[in-house]
Amino acid sequence: MDGKCTCGEIRYRMTRKPLIVHCCHCTWCQRETGASFALNAMIESTHVVLTNGAPDTVATPSNSGKGQAVMRCPACRIAVWSHYAGAGDKVCFVRVGTLEQPDQLPPDIHIFTASKQPWVVLPPNTPAFEVYYDRKQLWPPESLARMDQLFARQSR
Ligand SMILES: [Zn+2]
Ligand SMILES: [Zn+2]
């Protein structure tokens, strides 16, 4: 799946399906997007390949207090993905709206629904959590295995 920033300087390709797609309704994501939620596809950084340009890293405060690195186009400053403190730079949180076909990645899980805008109506069959959730209970086994593999490699 291909994605790009608004001016087209940054182009990238996701070479594997994401681990999971989060729709986050926290107030931080609302502020960062200027909208009502963020749609993030989590994927191993090795499966996000730049096909044009190089994004700038912008250190940005985050909900956890540990900060995030937001990767932005050096020209139009649109954010294409973030790295959060938890998984570090091994995992990209790709902004689904920057993909050419964002409709291919609907949310697997809704999080921080306690601060969801009241007019956002969640689909009945998608898991939703007031705050966060336990990955081991919600992720497909294949995604859990990919995550284990990623961090096994890191600790060696
Ligand atoms: Zn750009
Ligand atoms: Zn959020």
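Everything quoted here is computed from the prediction, not taken from an experiment. Excluded from the calculations below are hydrogen atoms, water molecules and symmetry mates; all remaining heavy atoms, backbone and side chain alike, are included. Whatever order the structure lists them in is the order used to number ligands and atoms, beginning at 1.
A side-chain N or O of Q117 and one of Q30 form a donor-acceptor pair less than 3.5 Å apart. Inspection of the H110 and Y133 side chains reveals no N or O donor paired with an N or O acceptor under 3.5 Å. Under the 3.5 Å distance criterion, with hydrogens and angles disregarded, no donor-acceptor pair is assigned to the side chains of T113 and E130.
Angle SG(C29) to the Zn ion (ligand 2) to SG(C26): 110° [nearest 10 degrees].
In this structure, the side chains of V58 and R77 come closer than 4.5 Å at one or more pairs of heavy atoms.
At a cut-off of 2.8 Å, C24 is counted among the residues with an N, O or S atom near the Zn ion (ligand 2).
In this pair, W81 and Y12 present their aromatic rings perpendicular. The plane angle is above 60°, beyond the 30 to 60° band.
With salt bridges taken as basic N to acidic carboxylate O contacts below 4.0 Å, none links D56 and R72. In this structure, E142 pairs ionically with K17, as a charged nitrogen and a carboxylate oxygen lie closer than 4.0 Å.
At a cut-off of 2.8 Å, measuring from the Zn ion (ligand 1), the protein N, O or S atoms that fall short of it are C5 SG, C7 SG, C73 SG, C76 SG, waters left aside.
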